[in-house]
Amino acid sequence: MVQAVPTTGQQQSEGMLESAKPDIYRTNAFRVAELTVDTGIRDLNKRQQMVEIATQAEMPIPPGSGRALPLTDAIDPKDLSDALKHLRDPERRLVDELFWFWPLEAGQSRNDLALMALSAGDVDEARNIWLENESTGNVVAVHNLAVMFHAQALDMELDGATDDVVRDALWRDAFQRWHQLLSLDDFWERLQDRVRGMDDPRLNQHTAYQLREALPQTLALISARLAMRVAERGKASDAGRLAGFLKASQLDSAIVDDALKQAIEPLRRRVKLMCEDTSSRCVANNANARNEIVRFMEEVEPLLDALDSVLQNGHSARGGIHDEVANIILQGMIAYGNETNEWDGVPEIVQRARQIAVSDATLSRIDENVKIMQTNIENANLTTKCWFCKQNKADDVSGIPLKLYGDVSYINTFAGTKVVWKNGTIKVPRCRPCLRLDEEWNTRVASVESKGYELGCSASILAFVAACILAITQFGFGGWGTVIFGGVVALLAFSGIFAWYPDVELKKLQEDWHKEHGNRPLRDSYPPLRDLIKKGWLYGDGPYLGDQ
């Protein structure tokens, strides 16, 4: 039996965990060197000599005796030499053996039908042989199928293959067999026998157990790192699919969670450095903080998208990164607004931070600050923007100054009652275009009133003449009686025309004006002015004091 010993992450096979990368099979020394797992030192030396001779002669390197799933790209002589050196290290070699094809009978690679089929390029035949042996309980067949399906799935992912049905089936079959293999003591006993056969002092009686312990984490890291690599290339759906297969792999959830944390660690560090750099830039120049935050968001949002495609909502690592980014955006925009007092557009940027934030504490902090910012905008707009159009910047010359007085007090003194009050001036902000509109309105109103006055005068003259004639011919008035009667009629005619005409025309003028310019706010609705009037303040320099 493979002995069980207490183990920690450090006691697990470091070589195994170091190899836990998406290209684990493409860098496998047996695949690169095209040798079988039971190749001895003598055959290693022969292969090394063959490589050196071919390299010196600048000729293609001939295939190895153990070729299986050959790499599509031409093998670099240096990579091949490195692989051969790799196989002379027993610890590293043992890891590569675990992730490559074994003969069904130990030491019989040259006579193994499945390996011979692989060497000839007949992958289907090799798979069928292993499937047949798997059905009889052969643990090596289970292992070889796990390796084949896993290697093929990773090759398809790395090559960008689009046959989703085949690729996804390979992932399911690979994880199913790796999971099965973890519980097959006979397989791990055979691995321990292999360790004993290598008879190397660098290996010990616990080596096979440590590899067995490290295998789940290794498998999880391979998929997690592949998902992260795919996500950083902008393929969120593929990253989510890979993460989904990992979570459905029957590996322990704690191991999967730890693998995902390790996989995102480079991205987390990158985001953290970006946060620190942006924070420093904002502190150094608060007036430019808005530009820094906009740049920061453009750079960090694709990284967050990559993170989100791998980690689901509720994952602690995801929430921590999101909140850190959201807080940097919030802090930068607060610094910018406080420095420049230009709050327009700031809440919209901070709302993007709210979409990024995860924790209730961060969301609450953002909401509180957005309310403050909106109040700041309203207050700033009251003095800097035109009250009438709400769009243009107010022009100091165009503003409407209004004198007011209030808080009137009457104090009894020896000399009599003394009246005291407070004075103030409110300037209603107005822009130049609105000033011109008001001037145009006043001109039109004056024109209507002038026209009404003219019509009233004309009507009064006609009425006076008609009344005088009527008084003389019908009523027998004479002298001053005629004049008085005509004057009364003329006054009534003037008053009637002057009251009627402007009223009708001004209503029509207002309707046309509202159609053309909309309903513009009234001067007296300006909040600071309205508040003072509500408190009893009046227009003017002060109260009328009579003859005092």
Side-chain angles (χ1 to χ4, degrees), residues 338 341 343 371-372 374-453 456-457 487-488 491-492 494-503 505-507 509-510 513-514 517-548:
N338 288 336
N341 203 34
W343 294 99
K371 290 180 181 177
I372 295 172
Q374 289 172 339
T375 300
N376 290 340
I377 291 173
E378 292 173 1
N379 292 336
N381 286 344
L382 284 177
T383 57
T384 61
K385 276 194 175 181
C386 174
W387 170 246
F388 301 95
C389 69
K390 302 288 196 303
Q391 294 179 349
N392 299 328
K393 188 174 181 180
D395 178 77
D396 188 59
V397 176
S398 303
I400 306 173
L402 301 170
K403 291 182 178 181
L404 295 101
Y405 70 91
D407 293 343
V408 180
S409 299
Y410 297 89
I411 304 173
N412 293 322
T413 67
F414 179 76
T417 301
K418 182 180 180 180
V419 184
V420 296
W421 64 88
K422 293 180 181 178
N423 290 95
T425 300
I426 291 285
K427 178 174 277 191
V428 181
R430 183 172 58 179
C431 64
R432 188 62 58 85
C434 284
L435 169 62
R436 287 195 287 266
L437 279 177
D438 289 342
E439 290 174 343
E440 182 181 347
W441 168 256
N442 292 334
T443 299
R444 292 189 184 185
V445 170
S447 176
V448 169
E449 291 176 346
S450 176
K451 186 65 176 293
Y453 179 80
C457 289
V488 170
L491 181 60
L492 291 174
F494 176 83
S495 300
I497 294 296
F498 189 68
W500 168 78
Y501 179 81
D503 182 63
E505 289 299 313
L506 284 177
K507 286 182 179 178
L509 177 62
Q510 285 179 331
W513 187 265
H514 287 160
H517 302 291
N519 293 320
R520 291 159 55 78
L522 300 175
R523 180 197 67 182
D524 291 350
S525 65
Y526 181 57
L529 176 61
R530 181 190 59 205
D531 293 343
L532 286 174
I533 291 175
K534 282 183 178 181
K535 292 177 182 179
W537 284 57
L538 301 171
Y539 293 111
D541 294 319
Y544 175 69
L545 301 180
D547 297 329
Q548 294 183 12

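Given the structure is predicted, the values throughout are model-derived calculations rather than measurements.
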Results of side chain to side chain contact (heavy atoms under 4.5 Å, CB included) for [X] - residues two or more places apart only:
X      : value
Ser409 : Val420
Asn392 : Cys389, Cys431, Pro433
Gln374 : Pro347, Val370

Salt bridge (Lys or Arg N to Asp or Glu O under 4.0 Å) pairs, two or more places apart, involving residues 381-397: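 Listed by first then second residue: Asp344-Lys385, Asp395-Arg432, Asp396-Lys427.
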Tell me, please, which residues at least two apart from Lys403 pass salt bridge (Lys or Arg N to Asp or Glu O under 4.0 Å).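 Testing Lys403 for salt bridge (Lys or Arg N to Asp or Glu O under 4.0 Å), a comparison that skips the adjacent residues, returns Asp541.
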Of all residues at least two apart in sequence or in a different chain, which pass the salt bridge (Lys or Arg N to Asp or Glu O under 4.0 Å) check with Asp407?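 Result, salt bridge (Lys or Arg N to Asp or Glu O under 4.0 Å) vs Asp407: Lys422.
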Holding to side-chain hydrogen bond (donor to acceptor under 3.5 Å, both in side chains), I want the full list of residues that pass it with [X], two or more places apart in sequence or in another chain.
X      : value
Asp524 : Tyr539
Trp537 : none
Trp441 : none
Glu440 : Arg444

Gap separating the [atom1] atom of [X] from the [atom2] atom of [Y], nearest 0.5 angstrom:
X      : Y      : atom1 : atom2 : value
Leu435 : Ile400 : CG    : CD1   : 8.0 Å
Ile377 : Ile372 : CD1   : CD1   : 12.5 Å
Leu538 : Leu404 : CG    : CG    : 8.0 Å

What I'd like to find out is whether the side chain of Val428 reaches to under 4.5 Å of the side chain of Phe388, using heavy atoms alone.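 Heavy-atom side-chain distance check passes, below 4.5 Å.
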How far apart are the closest heavy atoms of Pro401 and Thr425, and which atoms are they?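 Taking every non-hydrogen atom into account, CB-CG2, 4.3 Å.
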Please name the pair of heavy atoms, one in Pro543 and one in Trp421, separated by the smallest distance, quoted to 0.1 Å.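 Result for this residue pair: CD-CD2, 3.4 Å.
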Counting only N and O atoms by type, is there a donor-acceptor contact under 3.5 Å from the side chain of Ser398 to the main-chain atoms of Ala394?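 Looks like no, no N/O pair under 3.5 Å.
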Any donor and acceptor pair, going by atom type alone, linking the side chain of Ser450 with main-chain N or O of Ala446 inside 3.5 Å?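 Flag not set: sc Ser450 to bb Ala446 has no pair under 3.5 Å.
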Report, one line per pair, each donor and acceptor closer than 3.5 Å where one atom sits in a side chain of residues 526-536; sequence neighbours left out.
from	atom 1	to	atom 2	distance (Å)
Tyr526	OH	Leu382	O	2.5

